[in-house]
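Step one of this worksheet: look at the structure below.
Computed from a predicted model, the values in this text were never measured in an experiment.
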Amino acid sequence: MKNHVIRLAHIANQPSRRIIGLMSGTSLDGLDVALCKVQGSGTDTILEVEQFATVPFTEEFRDNIREIFAKREIDFQQLCVLNPFIGLEHGRMILECLKNWNIPAEEIDLIASHGQTVFHAPKKQHNLPGFPNSTLQIGDGDHISVTTNIITLSDFRQKHIAAGGEGAPLAVYGDYFLFSKKGENRILLNMGGIANFTFLPGSLDPSDIFTTDTGPGNTLIDAFARQFYNIPYDNNGAIAASGSVNEILLGALKSLPFFEAPFPKTTGPEVFNKDFVNDLIYKTHLHEISHEDILATLTRFSADTISSAILRMIKPDETYKIYASGGGAHNPVLMAAIHEQLPNCHLSLIDDLGVSGDAKEAVLFAVLANETVAGGEVAFGEREGVPSVTMGKISFPG
């Protein structure tokens, strides 16, 4: 063990580190693997994405996760066996990528693994007196480390909760280090299964940074695309574009108390799922609504709630630039509906800042690992939702 500690200290003192960041989101489409060269730390971080790939999951792999995903009642044995199984699979996928890139594992300093979220339950959601915020990501870091023979950092969200946060969104830290710009108010909008944004003030004052979930991004759209058309998502929003927004259903969807709750807040598919939508369709007597109209309405639902959240935060006398990422950034119907409601904000893709939107979340976990190993203290003030902490549990190969 002593040799591993010495190795970690050596990595921390290197002028740069090669870190593989991993991300598997609620869409369950695959594992994002980003090989990053990281120099410095904090606001002096310089990052280069050397390689990026998304390793697709098999349908059997997805089905195994869906048996326990965002469900209050599960087969506990399934949860227990999936924790090491996902770690082993992620380790295998990393080695597959390294082989394809012709890079020996010995040249990689660290792996930063987000894991697979299977349940997210902040206090505002579970409402259980005496119990703290909670979230659960599986895909054990020890199994990744032993499989790859690379030091691995994982389970980042628990430290965030321990320090008073809700375990999300974590992108705020990497967003600040990589994408802040003096004199430009930036909003980094990520539309994965759940949508969230980070506000980066042009003042560069970390105590003014703001982050929150806004509600659904793609999770409902994807769920009904699978149910109705047996496809993973609505490609280019084509199905939504062929339908019409049902204002009655849209109003019912937007009446959820979550949207009136104060910022910051987090949520997940535990709230925004097919049962939630089908229950409202039943209550509003819209039994004959077409599949196309449901997809059109759900797309507008995401756009409206994202835009409304941003409008609650921005000041009318200031200018803002919005940089979008995640799967939703590839949906022109969703993007157009957001732009329509935010005409005074310049809307573009995070790619314009030098990082692929598809790779962004995996990259940000590489940045979090770099901070834990080689960073200093960055004070984010007393702003709720952004505790000033480093994150990630460290697993050694042997």
Side-chain angles (χ1 to χ4, degrees), residues 12 17 19-23 25 32 34 36 38-47 49 110-115 117 120 122 133 135 137 153-182 185-190 192 194-213 263-266 313 323 325-326 350 353-355 357 359-394:
R17 285 152 290 282
I19 305 175
I20 291 178
L22 305 179
M23 182 65 197
D32 294 336
C36 306
V38 189
Q39 300 179 57
S41 64
T43 54
D44 294 323
T45 299
I46 300 173
L47 181 136
V49 180
L110 302 168
I111 293 169
S113 173
H114 169 265
T117 297
H120 184 67
N133 293 319
T135 190
Q137 288 71 43
L153 281 78
S154 63
D155 212 16
F156 289 85
R157 298 187 184 274
Q158 296 305 323
K159 185 70 166 291
H160 192 267
I161 288 176
E166 292 189 359
L170 297 190
V172 57
Y173 299 91
D175 286 345
Y176 175 62
F177 298 147
L178 294 180
F179 302 118
S180 292
K181 181 179 179 181
K182 188 171 182 60
N185 291 322
R186 291 179 167 179
I187 295 171
L188 271 58
L189 171 62
N190 182 65
I194 297 299
N196 60 72
F197 70 84
T198 300
F199 166 61
L200 301 174
S203 66
L204 303 185
D205 184 347
S207 65
D208 289 337
I209 288 174
F210 175 82
T211 187
T212 188
D213 283 353
F263 294 144
K265 53 191 173 184
T266 60
M313 187 278 302
Y323 296 92
S325 61
I350 193 70
L353 299 182
V355 173
K360 178 175 177 278
E361 286 194 281
V363 166
L364 291 178
F365 280 95
V367 173
L368 289 180
N370 185 69
E371 284 301 303
T372 298
V373 172
E377 293 187 7
V378 178
F380 287 88
E382 300 300 319
R383 193 68 181 262
E384 184 182 356
V386 193
S388 301
V389 293
T390 55
M391 292 163 276
K393 297 179 175 70
I394 299 173

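- A centroid separation of 6.0 Å or more is found between the aromatic rings of F179 and Y323.
- Among all heavy-atom pairs drawn from A168 and H120, the shortest one is CB-CE1, 4.4 Å.
- Remark: the Q137 side chain and the T117 side chain contain an N/O donor-acceptor pair separated by less than 3.5 Å.
- Put simply, the side chain of F156 does not reach to within 4.5 Å of the side chain of K393, judged on heavy atoms.
- Annotation: the span from T211 atom OG1 to I187 atom CD1 amounts to 11.5 Å, rounded to 0.5 Å.
- Put simply, the side chain of I20 does not reach to within 4.5 Å of the side chain of L110, judged on heavy atoms.
- Side-chain contact between L364 and L170 is absent, with no heavy atoms from C-beta onward closer than 4.5 Å.
- Of all heavy-atom pairs between A163 and V389, the closest is CB-CG1, 3.5 Å.
- Taking the six-membered ring where tryptophan is involved, the planes of H160 and Y173 are perpendicular, since the angle between them exceeds 60° and thus also 30°.
- In this structure the side chain of I46 never reaches within 4.5 angstrom of the side chain of V38, judged on heavy atoms.
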- Chi angles and distances behind the salt bridge (charged side-chain N to carboxylate O under 4.0 Å, His left out) call for D213, K265: CA-CA 6 Å; D213 283 353; K265 53 191 173 184; over 6 Å; no

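- For the pair L153 and F365, the minimum side-chain heavy-atom distance is 4.5 Å or more.
- Side-chain contact of N190 with S325: a donor-acceptor pair under 3.5 Å is present, judged by distance alone.
- For D175, the salt bridge (Lys or Arg N to Asp or Glu O under 4.0 Å) partners are K360, not counting sequence neighbours.
- Within the 4.5 Å cutoff, no side-chain heavy atoms of T198 are placed close to those of Y176.
- Contact record, S203 with K182: O-NZ, 4.5 Å, taken as the closest heavy-atom pair.
- For the 3.5 Å distance criterion, the side chains of R157 and H114 qualify, holding a donor opposite an acceptor.
- When every heavy atom of G174 is checked against every heavy atom of V367, the shortest pair comes out as CA-CG1, 4.0 Å.
- Every residue two or more places apart in sequence or in another chain that forms a salt bridge (Lys or Arg N to Asp or Glu O under 4.0 Å) with R186 is listed here: E184.
- The nearest pair of heavy atoms linking P169 to T212 is CG-C, 3.9 Å.
- The CZ atom of F210 sits 12.0 Å away from the CG atom of L200 when rounded to the nearest 0.5 Å.
- You'll find the side chain of L47 stays beyond 4.5 Å of the side chain of N370, heavy atoms only.
- Put simply, CG on D155 and CD1 on I394 are 12.5 Å apart, with the number rounded to the nearest 0.5 Å.
- Two residues are said to be in side-chain contact when any heavy atoms from C-beta on lie closer than 4.5 Å; M391 and Q158 fail this criterion.
- Here SG of C36 is found 7.5 Å from CD1 of I19. Values are rounded to the nearest 0.5 Å.
- Counting all heavy atoms, side chain and backbone alike, A369 lies closest to A112 at CB-CB, 3.6 Å.
- Interatomic distance, CD of Q39 versus OG1 of T45, reported as 10.0 Å (0.5 Å rounding).
- Distance NZ/K181 to CG/L204: 11.0 Å, rounded to 0.5 Å.
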